[in-house]
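First the structure, in the form of structure tokens, and then the observations on it.
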Amino acid sequence: MKTFYFIILLLFGPVLSADESVLHWAADAESGAPNVFYEDGNLSKLVGFEKDIMDHIAKHLGRRAEFHQNDWDSLISGLQRGLYDVVINGFSPEEGKESSIIFSDPYYACGLSLIVRADTNKIKSILDCNEAVVGVLRSSKAESTLMSSLKNVKVIGYPNEYCAISDLKDKRVDAILLDGQVAAYYTKKLSGLKIIDEVDEIKYSIVSTSNNSKLMAAINDAIEHMKRDGALDALVSKWDICNTFYVQLRETSGKSKMNPPCLNSESSQRNNQEIIKYLQAFPFFMKAACVTLMISILAMCVAIVLGLCLAIMRVYMPKWISFLAISTIEFLRGIPLLIQLFFVFYGLPCIGITLPPLVAGILTLGMNYAAYEAENFRAGMVAVPYGQMEAARALGMNQWQSLRHVILPQAFTFVLPPLTNDFIAILKDSSLVSLITIVELTKTYMLIASNSFNFFGMGAIVAIIYFLIGLPFAQLAKLAEKHLKLEKRAYSSRKIGRRYR
Amino acid sequence: MSDCSKPLISISNLCKDYGENRILKHVSCQIESGDLVSVIGPSGCGKSTLLRCLNCLEVLDAGEITIDDVCLRAVDHDKNEDCFWQRAHELRQNVGMVFQSFNLFPHKTLLDNVTLAQIVVKHEKQEKAKALAMSLLEKVGLGNFSGRYPWSLSGGEKQRAAIARALAMKPKVMLYDEPTSSLDPEMVEEVLQVMRDLDVEGMTQIIVTHEMRFAKDASDYIIYMENGEIVEISDEDEIFINPQDDRTRRFLKRYM
């Protein structure tokens, strides 16, 4: 019973904790440097320019700042869904077309920098990018700028900065266009790149929804306060991201004593203590593995229960119920899991059903897999000889009793191998729930790897963890299969295989 | 015990169709308590179907069946299905069935095979069900096999266990659907012996069989069926020595 309450608390915890003393803010920390990122991939050290700003604002509001991770693509959807109060992630007012979205006064400004490989001579300015392949962040200001100003440019949208930059280094793109301070951070951190041009101006604003206008007024007040007492300038120089656009912004809004520094001034020394990074990452991987495991097990429970009901409905119930079951199965397995996930998480709130992320994730995964399990169970039940049902009925059992005591126990032995199969599949498919703000194993890998520039080593670790999680279940199923086997055949399945080879 | 004037089983005008095919054509007969009746006839004559109708494994399309005062009418099935199945359930309580292919529950031990229905259907206590099961298994000569699983038994042992399982429900009638057809010849006798023993105890038994010798030796009387009809009901000696109907004579000539 205690575990039951614990699970309930875990599932609904995020909803229950929605009180006034906390300022929930969201950003994408996946290669979010220098705005919001994990220092050296250590998930206990959330840092960054925007993180500091949020701390200041929260302090000003007398609230505690709480960070929520979400994908860049989904940040605004999550905001509209009420997962958090505000989003701060380099959004500029032009990007919001939705009327329900409101923007704060700008807290920062920068240009778009064009980065090329250090040995590139062909591209000297943004105008040379016609006919070239240029990488940008998906649905960013850079993307729209590039599309509107150059006719023949081939634009490739990336989910995060690191992917874009590594593709540049690997010569898959000729140049990339990024926000100035981000470009500066990465050219400093990674060698072999240079910034050659700066265009356009972007102003950064905090985003919220129109029903939070009171909060937004308070945030504007806080930003104004930070501008006046020099806290904002201090943060800008702390993160070394001052530029001419920022200076202009400060001049129009009052005094500024800052000078834009020249870029590429020094290259930071590379941290060669890789082992420490791995050790730091380990507890986070373990925690994430637990999340993945919990989601998978609970989703599998949902799938088995629901699948069994559907299978029984399909095989043993009157025609119209059977038809209902068939339609449900076909519907659930005919639609991509990803679409179901987005529909349940971001779509259902439109009709008043707002589920917490974990519940939505587990239910969607469970429902999707229920369709497959239903067919597995059906195959199992049909595989039990019909005489078994007749014998049970002849003994006076009713249909349910026959199913419960005679058919299902036998069907289960047939179903166990494909069930194990599906559990391992669900373990991997559970990575999709990272798209609805849940930080599980895959997301943890992305966060750590993109912040520590180590996709190889961390990737190997994650691969091993996934493998190790699945392994005991495969073994467990093997044991259960052995135990449940209906007939102790003289030859095991492997021996039969050899015999007829 | 029902009183003597009233037969234990009475079948009247029983019809059964499979799609367009009429398998049973207005079958009527009466069977007294304590009788051992053999039903013989060529394959496809409807003798198995008749037996399955008696246990509601097949729904009758016309006519009615009465077993120990529980009456099942085909018209009820069309009019009031719930009521029909309620009756069918009552009727089954009095009828035990043994199948050609044993149909033991492979995931359970012999003891559990015999106790399962007692516990599930009759809500017997575990100990009581076990005690009855053990005594029945001993009766069919499987007292030492109670912990074994069906896969470890021979065909004859399986069929004896199936008989014990049916007996555990304390039926008034036992139906056997070709109980020895899938057995090796040397195992047939042990199963037939169990049935003879039950006959001595006064159990009413109906056996669909191809064992002409057993039918002749053990039956009180024999029903000969052909083409969905009862052709002849007669004394076991009479039918073999002096069949009344031409069709019976032709059939028996092939066997004897």
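These values consider heavy atoms only, across backbone and side chains, with no hydrogens, waters or symmetry-generated copies. Lettering of chains follows the sequences in order, A, B, ..., and the numbering in each one begins at 1.
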How about [X]: does its [atom1] atom have over 12 heavy atoms from other parts shown lying under 6.0 Å from it?
X: B/Lys128; atom1: NZ; result: no
X: B/Arg196; atom1: CZ; result: yes
X: A/Phe323; atom1: CZ; result: no

Interface moiety of [X] toward chain A, non-hydrogen atoms closer than 4.5 Å:
X: B/Arg165; answer: both
X: B/Val98; answer: neither
X: B/Leu104; answer: backbone
X: B/Lys108; answer: side chain
X: B/Phe105; answer: both

Would you mind telling me which of B/Gln93, B/Met169, B/Arg92 makes a side-chain contact (heavy atoms from CB on, under 4.5 Å) with A/Leu395?
->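 The option that passes is B/Met169.
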Which of B/Phe99, B/Trp85, B/Phe102 touches chain A most, by non-hydrogen pairs under 4.5 Å =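 Of the candidates given, the most pairs with chain A belong to B/Phe99.
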Can you tell if the side chain of [X] reaches within under 4.5 Å of the side chain of [Y], non-hydrogen atoms only?
X: B/Pro106; Y: A/Gln388; answer: yes
X: B/Asn103; Y: A/Tyr386; answer: no
X: A/Val406; Y: B/Leu116; answer: yes
X: B/Met97; Y: A/Glu390; answer: no

Roughly how far, to the nearest 0.5 Å, is NE2 of B/His107 from NE2 of A/His405?
->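 Atom-to-atom, A/His405:NE2 and B/His107:NE2 are 9.5 Å apart.
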Heavy-atom closest pair, residues A/Ala394 and B/Asn55 |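 Result for this residue pair: CB-ND2, 3.2 Å.
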